[in-house]
Amino acid sequence: MNLPVRKVTADVNRSQPRRVDVNTEPPFLTLEKLIPQLLKRQSTRGQEHERYLRFRGQSGRCSEYVSDHNSSRDFLVSVFPDVNIKPSGESSLAASGFIAVGLFVLPLRNSVAQSCRIVPALKTLKMSTRPELLAPPEIFYDDSEARKYTSSSRIVEIQARLSERALELLALPEDDVPRFLLDIGCGSGLSGETISENGHQWIGLDISASMLNVAVEREVEGDLLLGDMGQGLGLRAGVIDGAISISAVQWLCNADKSSHEPRLRLKAFFGSLYRCLSRGARAVFQVYPESIAQRELILRQALQAGFGGGLVVDYPHSTKKRKEFLVLTCGSVPTSINDGHKGSGSEDDDDDSEDEDNGMVCVSDRNRPRKKQRTNKKGKGREWVLRKKEQSRRKGNDVPADSKYTARKRKSRF
Amino acid sequence: MRLITHNMLSCNIKGVTNGFPLKIEAEKVIEKEVDFNPEFLRHMFAKIEWKALVEAARSLGYAELPEDSPDATAIESSVDDESLLKKLHHALLELHLEEGALVCPETGRKFPVNKGIPNMLLHEDEV
Ligand SMILES: C[S@@+](CC[C@H](N)C(=O)[O-])C[C@H]1O[C@@H](n2cnc3c(N)ncnc32)[C@H](O)[C@@H]1O
């Protein structure tokens with residue numbers, strides 16, 4: 001098959017370039033070899049392209065669904081770097097700020113079977129290092145990804161460490177009573193296992209059946225639900241003692257279907273989470289926001305749902321080890337004091353972005369319950385600190401030696 | 001899925017005001033033994049909707065729970081009433097709905113349960 005190759009220099013919109021991270025190396029032949037049958041199926045229907053391009057503006061993903069309402073069929077549409085398949089799509093693509101060119105539209109008859117072929121191809125192309133830019137979660141986390149997930153000792157270790165830290169930030173009462181927790185985006189159950197090891201019961205929610213199947217195979221102790229957090233959680237009010245979520249919430253920032261609006265999905269999610277948590281409970285999310293704007297969007301939707309709290313950043317100065325946790329508290333203290341944003345009504349309220357748009361903030365406190373709580377508490381005491389340090393040492397972490405200064409009282413004005 | 005989860009689940013289709021409790025249509029039920037932890041049961045007791053639990057347990061073929069909710073003090077001091085806690089333990093944590101469906105009480109929408117996993121994904125027009 002002879003495809004015309006033409007490199008296009010994209011005139012990247014200067015104010016907000018929406019760029020896909022592309023590896024411009026040899027995608028083209030590999031692609032053709034990998035999925036020739038798909039290449040033959042390229043649709044030449046301009047209509048879909050048009051719709052796709054408009055849609056693409058808000059999402060920034062390399063591949064996603066587009067529903068064609070006339071024929072009520074779904075298409076998976078992908079952009080390939082340097083593969084110029086449909087010349088007519090080119091100029092609009094360039095105008096939208098993408099350096100990737102080449103487009104192909106795949107009618108989804110049996111979405112799962114077909115995605116099995118297309119997703120590996122996308123991954124091989126290394127079009128982006130961010131999985132959520134490659135494909136929708138239920139497509140990206142297919143059988144092979146799910147298996148890879150749990151068979152990589154590196155991933156297992158990272159997930160365990162993040163989950164352990166999230167549980168710590170959840171600050172459950174230390175009374176040896178097991179709690180009933182939620183694991184959002186539980187995947188293959190790695191994070192859930194950490195919850196079980198800490199003696200708690202849990203429900204896990206995930207949108208990928210493949211990931212959940214691996215969780216079943218691994219005989220996790222929690223209950224599993226196939227569901228989309230962006231549709232809101234169907235749980236009764238006040239019944240959950242706490243929630244964690246590891247590397248999942250940033251997925252909500254993308255529109256996977258033309259009906260998706262990230263802001264509304266975040267809103268549905270945080271609103272329903274707020275309702276199902278018991279008062280005083282916390283929710284801790286480890287997130288990989290793609291940009292400051294994305295972090296802001298997530299945080300703002302959480303606060304608008306009624307949560308208090310803020311961001312905790314571990315290793316803020318290390319690009320590799322840097323980890324962000326969104327720590328939310330569910331109404332333990334009246335939030336009306338000091339709270340200028342609440343009840344302002346407008347959804348597009350941009351006030352919040354002012355205080356932390358430089359991305360350098362290590363711990364952003366929002367003058368909300370968390371802060372209050374901290375001053376209320378008498379502090380954990382030396383014994384507690386020593387125990388925690390010992391725990392951490394046992395996990396092989398680098399922990400400063402104990403000294404007479406360990407856990408000493410600060411001056412009150414500190 | 002265990003009944004502790006069923007007791008918390010409700011149908012959140014747009015417009016549904018009373019999506020709890022989901023009716024259970026059981027095709028396959030399995031039992032798995034779990035360590036008995038009275039502390040956890042006492043902690044959870046206040047959150048449980050008793051009637052829904054009794055009904056759900058019955059639909060999985062377990063009819064040992066008392067019809068009326070025991071009062072909280074009975075649960076708190078159930079040293080002499082260990083058997084009640086044991087029953088609660090069995091109903092909440094050891095029975096699994098493996099295959100079947102959950103049915104929304106208001107709309108009749110069925111959520112299939114396969115390999116113990118309820119499929120709670122909503123259709124686009126239900127969101
Ligand atoms: C990086 S994995 C984390 C897996 C899990 N925490 C673990 O430790 O094994 C992210 C998970 O989020 C899930 N996810 C993404 N978007 C979702 C959504 N809208 N609703 C539910 N789960 C979602 C994905 O399917 C994936 O399993």
Side-chain angles (χ1 to χ4, degrees), chain A residues 65 67 69 72 74 138 172-173 175-180 182 186 196 199-209 211-213 215-217 219-241 257-261 264-265 268 271-272 275-276 278, chain B residues 1-14 16 18-22 30 32-49 52-53 89 92-98 102 104 106 109 111-127:
Chain A
Y65 297 121
S67 312
H69 291 297
S72 70
D74 275 349
E138 67 274 32
L172 295 168
D175 53 8
D176 282 336
V177 178
R179 306 285 147 157
F180 196 45
L182 201 56
C186 65
S196 298
H200 302 291
Q201 296 282 344
W202 54 279
I203 301 181
L205 175 85
D206 205 284
I207 198 172
S208 156
M211 290 293 265
L212 292 177
N213 284 340
V216 170
E217 272 171 31
E219 303 191 356
V220 295
E221 285 172 43
D223 280 341
L224 305 169
L225 301 176
L226 179 62
D228 176 358
M229 59 174 142
Q231 298 180 334
L233 311 169
L235 292 167
R236 282 201 288 122
V239 290
I240 305 291
D241 297 316
K257 302 193 175 154
S258 34
S259 60
H260 282 184
E261 162 65 70
L264 293 180
R265 284 169 51 78
S272 60
R275 271 193 304 281
C276 76
S278 58
Chain B
M1 183 197 60
R2 298 165 299 178
L3 294 189
I4 188 172
T5 298
H6 170 264
N7 206 269
M8 307 304 164
L9 262 189
S10 78
C11 168
N12 66 336
I13 291 178
K14 189 178 181 182
V16 167
N18 197 5
F20 181 85
L22 293 157
I30 57 173
K32 288 186 202 159
E33 211 172 301
V34 174
D35 289 343
F36 179 62
N37 187 324
E39 294 299 313
F40 178 64
L41 296 170
R42 291 198 184 100
H43 170 68
M44 288 307 293
F45 178 72
K47 307 178 190 231
I48 298 293
E49 284 283 341
L53 178 63
H89 171 76
L92 279 181
L93 300 171
E94 296 189 321
L95 295 174
H96 293 248
L97 175 60
E98 193 67 3
L102 303 175
C104 168
E106 204 170 297
R109 155 81 140 93
F111 298 94
V113 179
N114 297 310
K115 288 198 261 177
I117 306 174
N119 179 347
M120 303 306 288
L121 287 169
L122 301 181
H123 305 312
E124 259 175 55
D125 56 357
E126 295 173 331
V127 194

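Remember, it's a predicted structure, so these values are computed and weren't measured experimentally. Sequence lines set the chain letters: A, B, ... in the order given, protein chains first and strands last, and positions in each chain run from 1.
Counting heavy-atom neighbours within 6.0 Å of A:Asp175 CG, excluding the residue itself, gives a total above 12.
A:Phe180 is listed as a side-chain neighbour of B:Met8, based on a closest heavy-atom distance under 4.5 Å. Between B:Leu121 and A:Ile207 the shortest side-chain heavy-atom distance falls below 4.5 Å. In this structure, the side chains of B:Phe111 and A:Leu226 stay at 4.5 Å or more apart for every pair of heavy atoms.
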* Going through the checks in order, is the side-chain contact (heavy atoms from CB on, under 4.5 Å) test met by A:Val239 and B:Glu49? -> CA-CA 10 Å; A:Val239 290; B:Glu49 284 283 341; over 6 Å; no
* To do: Show your working on side-chain contact (heavy atoms from CB on, under 4.5 Å) between B:His43 and A:Asp241 and close with a plain yes or no.
  => CA-CA 10 Å; B:His43 170 68; A:Asp241 297 316; 2.7 Å; yes
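At a 4.5 Å heavy-atom cutoff, A:Leu205 makes no contact with chain B through either its backbone or its side chain. Contacts between A:Gln201 and chain B at a heavy-atom distance below 4.5 Å involve the side chain alone, from C-beta outward. At a 4.5 Å heavy-atom cutoff, the contact between B:Asn7 and chain A is made by backbone and side-chain atoms alike. Looking at B:Asn37, only its side chain comes within 4.5 Å of chain A, counting heavy atoms on both sides. Heavy atoms of A:Ile203 lying under 4.5 Å from chain B belong exclusively to its side chain. Proximity to chain B (any heavy atom under 4.5 Å) is shown, for A:Ser272, by neither the backbone nor the side chain. Only the backbone of B:Ile48 has a heavy atom closer than 4.5 Å to any heavy atom of chain A.
The greatest number of non-hydrogen atom pairs below 4.5 Å with chain B, out of A:Asp176, A:Asn213, A:Ile240, is found for A:Asn213. Per-residue counts of heavy-atom pairs under 4.5 Å with chain A were compared for B:Lys47, B:Glu39, B:Lys32; the largest is that of B:Lys47. Note: A:Leu224 leads A:Asp228, A:Leu233, A:Leu224 in heavy-atom pairs under 4.5 Å with chain B.
From A:Trp202, atom CH2 reaches atom CD1 of B:Ile4 across 13.0 Å, with rounding to the nearest 0.5 Å.
For the side-chain contact (heavy atoms from CB on, under 4.5 Å) test with B:Ile117, the passing option among A:Asp223, A:Asp206, A:Val216 is A:Val216; the others fail.
The main-chain N or O of B:Ser10 is never found under 3.5 Å from a side-chain atom of A:Arg236 such that the two would form a donor-acceptor pair. Looking at B:Asn12, its side chain does come within 3.5 Å of a backbone N or O of A:Gln231 through a donor-acceptor pair.
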